Colleague: 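The following block contains the structure, expressed as structure tokens.
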Amino acid sequence: MNDTPAVLITGGAQRVGLHCARRFVEDGYPVIITCRRLRQEWQANPLQGIEPILADFSTQAGIERLVAQLHERGTRLRALIHNASLWLDDSHAGEGFQQMFMIHMQAPYLLNLACADLFPNDQPADIIHLSDDVTRRGSAKHIAYAASKSGLEGMTRSFATRFAPRIKVNAIAPALIMFNDGDSPAYRERALAKSALGLEPGPEVVYQSIRYLMDNPYVTGTCLELNGGRHLK
Ligand SMILES: NC(=O)C1=CN([C@@H]2O[C@H](COP(=O)(O)OP(=O)(O)OC[C@H]3O[C@@H](n4cnc5c(N)ncnc54)[C@H](OP(=O)(O)O)[C@@H]3O)[C@@H](O)[C@H]2O)C=CC1
Ligand SMILES: Nc1nc2c(c(=O)[nH]1)N=C([C@H](O)[C@@H](O)CO)CN2
């Protein structure tokens, strides 16, 4: 059995998380991802080097089940990457707020507290929170989403203080990384125009940012901007 500590990516079954999971495998890391459902396509094309664990963070019990599973199987962690996310607008009102609080704040909070002991003491250790550039200015249409991501960024500093010097804790605040299939041409044009660089970079820039934070021993308690110069517009 490979006893190299694993990289755990929550919500890693698609898009940014799955890209990063595959890149970590290419770079020699064992990878665990969480997802709420296994993908049909994995029957014909199994995930190489990536172990999926079913986990739903919409309830505290679901989060605690993941904690128990990781301890029961003796998981050792190199990095815990909180990628799982719901991007809901405010038409979802209180239910949406509750769900995004659970996924963007409660799950990282409980997992960080309960899984800190899974990091070996004598090796580099990282926790990385995936936030959003929207925390910089807020969002008129995603108030609850922005609030929950702001809370996640605040926890970055708190956990960095609590876990230093053993575990580094940082956040990444991306702006547009990759569109969703249903995004209209008009929406895409508007989104691209919001940044100085005006591009849809794709998920590799997130992997590069994660590796920067993991490979640099002198960075903790920070939030790395990854926004194409949106703050310049
Ligand atoms: N894409 C972009 O342009 C941007 C992304 N970001 C951030 O980067 C990260 C990755 O983005 P992206 O790949 O688009 O994310 P997705 O919207 O594709 O969501 C990632 C995963 O989150 C998981 N998830 C959702 N709800 C729950 C839940 N209740 N319990 C457990 N897991 C859940 C889903 O897993 P499953 O499908 O298995 O249920 C989903 O696959 C996110 O944190 C996002 O907020 C920030 C700015 C821009
Ligand atoms: N969980 C998600 N969060 C976000 C997504 C997404 O697809 N899933 N997408 C965005 C947008 O790209 C936005 O940054 C630009 O329109 C934000 N967060």
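Start at 1 and go down the list; that is how both ligands and their atoms are numbered. Heads up: numbering here begins at 1 and tracks the sequence. A quick note: this is a predicted structure, and the numbers were derived from the prediction, not measured.
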Colleague: Does a side chain donor of either H82 or N112 reach within less than 3.5 Å of an acceptor in the other side chain?
Modeller: yes
Colleague: Which ligand 1 atoms, with their elements, are less than 4.0 angstrom from a heavy-atom of S58?
Modeller: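 Counting from 1, the qualifying ligand atoms are 29 (N).
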Colleague: Among H104, K149, R39, which one puts a heavy atom closest to atom 37 (O) of ligand 1?
Modeller: R39
Colleague: What protein heavy atom sits nearest atom 7 (O) of ligand 2, and how far away is it?
Modeller: N180 ND2, 2.8 Å
Colleague: Which heavy atom of the protein is the closest neighbour of atom 1 (N) of ligand 2, given with residue, atom name and distance?
Modeller: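 Checking every protein heavy atom, the shortest distance to atom 1 (N) of ligand 2 gives S85 OG, 2.8 Å.
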Colleague: Considering only NZ, NE, NH1 and NH2 on the basic side and carboxylate oxygens on the acidic side, decide whether E51 and R73 come within less than 4.0 Å.
Modeller: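 Yes.
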Colleague: Apply the test side chain to side chain contact (heavy atoms under 4.5 Å, CB included) to residues M214 and I128: give CA-CA distance (whole Å), side-chain angles for both, the deciding distance (0.1 Å), then the verdict.
Modeller: CA-CA 9 Å; M214 285 176 62; I128 295 173; 4.0 Å; yes
Colleague: Just need the protein heavy atom nearest to atom 17 (C) of ligand 2, so name the residue and atom and give the distance.
Modeller: D132 OD2, 3.3 Å
Colleague: Applying a strict 4.0 Å limit to heavy atoms, is Y145 in contact with ligand 1?
Modeller: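 Per 4.0 Å heavy-atom rule, Y145 contacts ligand 1.
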Colleague: Verify whether one side chain among Y212 and N170 offers a donor that lies under 3.5 Å from an acceptor in the other.
Modeller: no
Colleague: Which heavy atom of the protein is the closest neighbour of atom 15 (C) of ligand 2, given with residue, atom name and distance?
Modeller: Y187 OH, 3.6 Å
Colleague: Give me the atom names and distance for the closest heavy-atom approach of P120 to L77.
Modeller: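 Closest heavy-atom pair between P120 and L77: CD-O, 3.2 Å.
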Colleague: Among protein heavy atoms, which lies nearest atom 8 (O) of ligand 1, and at what distance?
Modeller: L130 CD1, 4.0 Å
Colleague: Would you mind checking which non-hydrogen protein atom is closest to atom 12 (O) of ligand 2, with the distance to 0.1 Å?
Modeller: L176 CD1, 3.5 Å
Colleague: Going by heavy atoms, is S131 under 4.0 Å from ligand 1?
Modeller: yes
Colleague: Please classify the Y145 to ligand 2 contact at 4.0 Å (heavy-atom distances, strictly less than): side chain, backbone, both or neither.
Modeller: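 Side chain only.
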Colleague: Taking atom 25 (C) of ligand 1 as the point of reference, which of A107, A13, S85 owns the nearest heavy atom?
Modeller: S85
Colleague: Nearest protein heavy atom to atom 8 (N) of ligand 2, by residue and atom, and its distance?
Modeller: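 That would be W87 CB, 3.8 Å.
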Colleague: Hey, is the main chain of P174 close enough, under 3.5 Å, to the side chain of N227 for a donor-acceptor pair?
Modeller: no
Colleague: Could you name the option among I63, D133, D56 that has the heavy atom nearest to atom 29 (N) of ligand 1?
Modeller: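 Comparing heavy atoms across I63, D133, D56, the nearest one to atom 29 (N) of ligand 1 lies in D56.
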Colleague: Are the side chain of D126 and the backbone N or O of I167 linked by a donor-acceptor pair below 3.5 Å?
Modeller: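 Here the side-chain-to-backbone pair does not exist.
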Colleague: Check contact between A175 and ligand 1, using heavy atoms of the residue and a distance below 4.0 angstrom.
Modeller: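 Contact check A175 vs ligand 1: positive.
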